[in-house]
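Hydrogens, waters and symmetry mates play no part in the numbers below; they use all other heavy atoms, side chains included. Owing to the predicted nature of the structure, the values given are computational and were not obtained by experimental measurement.
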Amino acid sequence: MYLVDLLFPNRCLECNRIIPADEVVCAACFEQINFTHHRFSVNNPLADKCRLLFPVEKAFALMQFEEESTSQKIIHQLKYGKREKIGEILAKWTLEKADFSTFKPDIFATVPLHPKKLKERGYNQLHLFADTLSKELNIPCDHNLIKRNFYKKAQAQKNREERMFKENLFSVNKEISHQHVLLIDDVFTTGNTMSAVAWEILKAGNNKVSVLVMAVD
């Protein structure tokens, strides 16, 4: 054990109990996480939400995202707490909960951060998550397939400018056609971001889109 582990032990995000360095919550708090039990399906709440916005093949959310919940604390630490390693933990949970035995997309694609946001944060919270899945499932992952064109959020724009901003928020960086793309993001809330990315993939060629998120609001 390293001295830093003795001086600053890893603690459960929920109950503050000391836990192993490669974990994020203790066993007791893990049991309290509201997992969705979606599997990969065309018929679950996330798939229904997606289908209102764009054509989706299958969809899976690992957890429910609720205010003050353990899932919210986990994802906030991943995104804002400089704890990129949590992405690997969530990927392992996903492999345990999701059924990839009959579902194998051609490629994984992560929703990108704007380069300025990436520089500020120091990492994209989706990359280690997606890379872990990619390695375990032997499915290629492309973090550069989609480009985010604007730094500010679309909600900050107004009227005609807002509509134009949303329509051009993302673009496809390279040619892609006849591919089944699994789009990966952290939290599905309104679905506007996922929809914007999905339509760019769909417009780029005769592609199919499925969705995987860490949590659904």
Side-chain angles (χ1 to χ4, degrees), residues 4-5 7-41 43-53 56 59-98 110-114 117-118 120-133 148 151-156 169 183-197 211-217:
V4 67
D5 295 323
L7 296 176
F8 305 101
N10 186 35
R11 293 182 178 274
C12 173
L13 287 182
E14 188 59 56
C15 71
N16 210 38
R17 184 179 302 165
I18 295 176
I19 56 175
D22 60 347
E23 296 181 5
V24 65
V25 292
C26 68
C29 291
F30 176 82
E31 295 300 323
Q32 302 305 311
I33 295 175
N34 191 0
F35 290 106
T36 65
H37 307 291
H38 279 176
R39 316 301 284 178
F40 260 111
S41 172
N43 297 311
N44 63 48
L46 176 59
D48 292 340
K49 288 174 180 284
C50 291
R51 202 168 289 114
L52 293 172
L53 300 169
V56 68
F60 175 87
L62 177 64
M63 305 176 289
Q64 296 285 350
F65 190 84
E66 300 153 338
E67 289 296 323
E68 305 302 322
S69 67
T70 304
S71 62
Q72 184 190 56
K73 294 173 185 176
I74 291 171
I75 292 177
H76 277 197
Q77 280 296 304
L78 169 64
K79 294 178 69 172
Y80 311 117
K82 303 297 183 182
R83 297 186 63 179
E84 185 181 8
K85 190 73 173 177
I86 290 176
E88 184 176 7
I89 296 171
L90 293 178
K92 292 177 179 178
W93 293 357
T94 299
L95 290 167
E96 294 171 358
K97 303 288 185 180
T110 50
V111 174
L113 296 175
H114 187 274
K117 174 65 72 175
L118 182 62
E120 289 175 355
R121 186 171 296 171
Y123 61 94
N124 184 313
Q125 71 275 7
L126 304 176
H127 285 186
L128 186 56
F129 175 79
D131 288 341
T132 303
L133 294 176
R148 184 184 289 264
Y151 177 67
K152 292 183 178 180
K153 294 181 180 179
Q155 288 85 338
L169 182 57
L183 292 179
I184 297 176
D185 203 1
D186 46 28
V187 181
F188 188 104
T189 50
T190 63
N192 289 338
T193 297
M194 187 66 78
S195 178
V197 177
V211 168
L212 168 61
V213 294
M214 298 172 181
V216 57
D217 194 340

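- The two residues Ile184 and Ala130 come nearest to each other via the heavy atoms CD1-CB, 3.8 Å.
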Exercise for the section: Check the pair Arg83, Leu13 against side chain to side chain contact (heavy atoms under 4.5 Å, CB included), reporting the backbone distance first and the verdict last. Expected result: CA-CA 12 Å; Arg83 297 186 63 179; Leu13 287 182; 3.4 Å; yes
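- For Lys49, the NZ atom sits in a loose shell: 12 or fewer heavy atoms of surrounding residues, nucleotides or ligands are nearer than 6.0 Å.
- With contacts defined as side-chain heavy-atom distances shorter than 4.5 Å, the pair Arg11/Ile18 qualifies.
- Leu78 and Gly87 make their closest contact through CD1-N, 3.5 Å (heavy atoms, listed as atom of the first residue, atom of the second, distance).
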Problem - Check against side chain to side chain contact (heavy atoms under 4.5 Å, CB included), Val24 and Lys85 - result: CA-CA 9 Å; Val24 65; Lys85 190 73 173 177; over 6 Å; no
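- No side-chain donor-acceptor contact under 3.5 Å links Asp185 to the backbone of Val213.
- Residue His37 holds its NE2 atom at 10.0 Å from CG of Leu62, rounded to the nearest 0.5 Å.
- To the nearest 0.5 angstrom, Ile74 atom CD1 is 13.0 Å from Asp186 atom CG.
- To the nearest 0.5 Å, atom CE of residue Met214 and atom CE of residue Met63 are 8.0 Å apart.
- Residue Ala215 comes nearest to Phe65 through the heavy atom pair CB-CB, 3.7 Å, listed as atom of the first residue, atom of the second, then distance.
- With hydrogens and angles ignored, the 3.5 Å screen pairs a side-chain donor or acceptor of Thr36 with a backbone N or O of Ala61.
- Without hydrogens or angle criteria, Gln77 side chain to Lys73 main chain gives no donor-acceptor distance under 3.5 Å.
- The closest donor-acceptor contact from the side chain of Asp217 to the backbone of Val187 lies at 3.5 Å or more, if one exists at all.
- By the 6.0 Å and 45° rule, Lys97 stacks over the aromatic ring of Phe35.
- Relative ring orientation between Phe60 and His38 is described as perpendicular, the plane-to-plane angle rising above 60° on a 0-90° scale split at 30° and 60°.
- Checking side-chain atoms of Asn124 against main-chain N and O of Leu118 turns up no donor-acceptor pair under 3.5 Å.
- From Thr110, atom OG1 reaches atom CD of Gln125 across 9.5 Å, with rounding to the nearest 0.5 Å.
- Expressed to the nearest 0.5 Å, how far CG of Asn10 lies from CD of Glu23 amounts to 8.0 Å.
- With hydrogens and angles ignored, the 3.5 Å screen pairs a side-chain donor or acceptor of Thr94 with a backbone N or O of Leu90.
- Checking Thr132 against Glu88 by side-chain atom types alone, no donor-acceptor pair falls below 3.5 Å.
- Distance check: Phe188 CZ to Leu212 CG gives 12.5 Å after rounding to the nearest 0.5 Å.
- In terms of heavy-atom proximity, Met194 sits nearest to Leu183 at SD-CB, 3.7 Å.
- Within 6.0 Å of CZ in Arg121 there are more than 12 heavy atoms belonging to other residues, nucleotides or ligands.
- When every heavy atom of Leu133 is checked against every heavy atom of Ala91, the shortest pair comes out as CD2-O, 3.6 Å.
- Proximity of a side-chain donor or acceptor of Arg148 to a complementary backbone N or O of Pro112 within less than 3.5 Å is detected.
- Within the 4.5 Å cutoff, no side-chain heavy atoms of Tyr123 are placed close to those of Leu128.
- The two residues Ser71 and Gln64 come nearest to each other via the heavy atoms OG-O, 2.5 Å.
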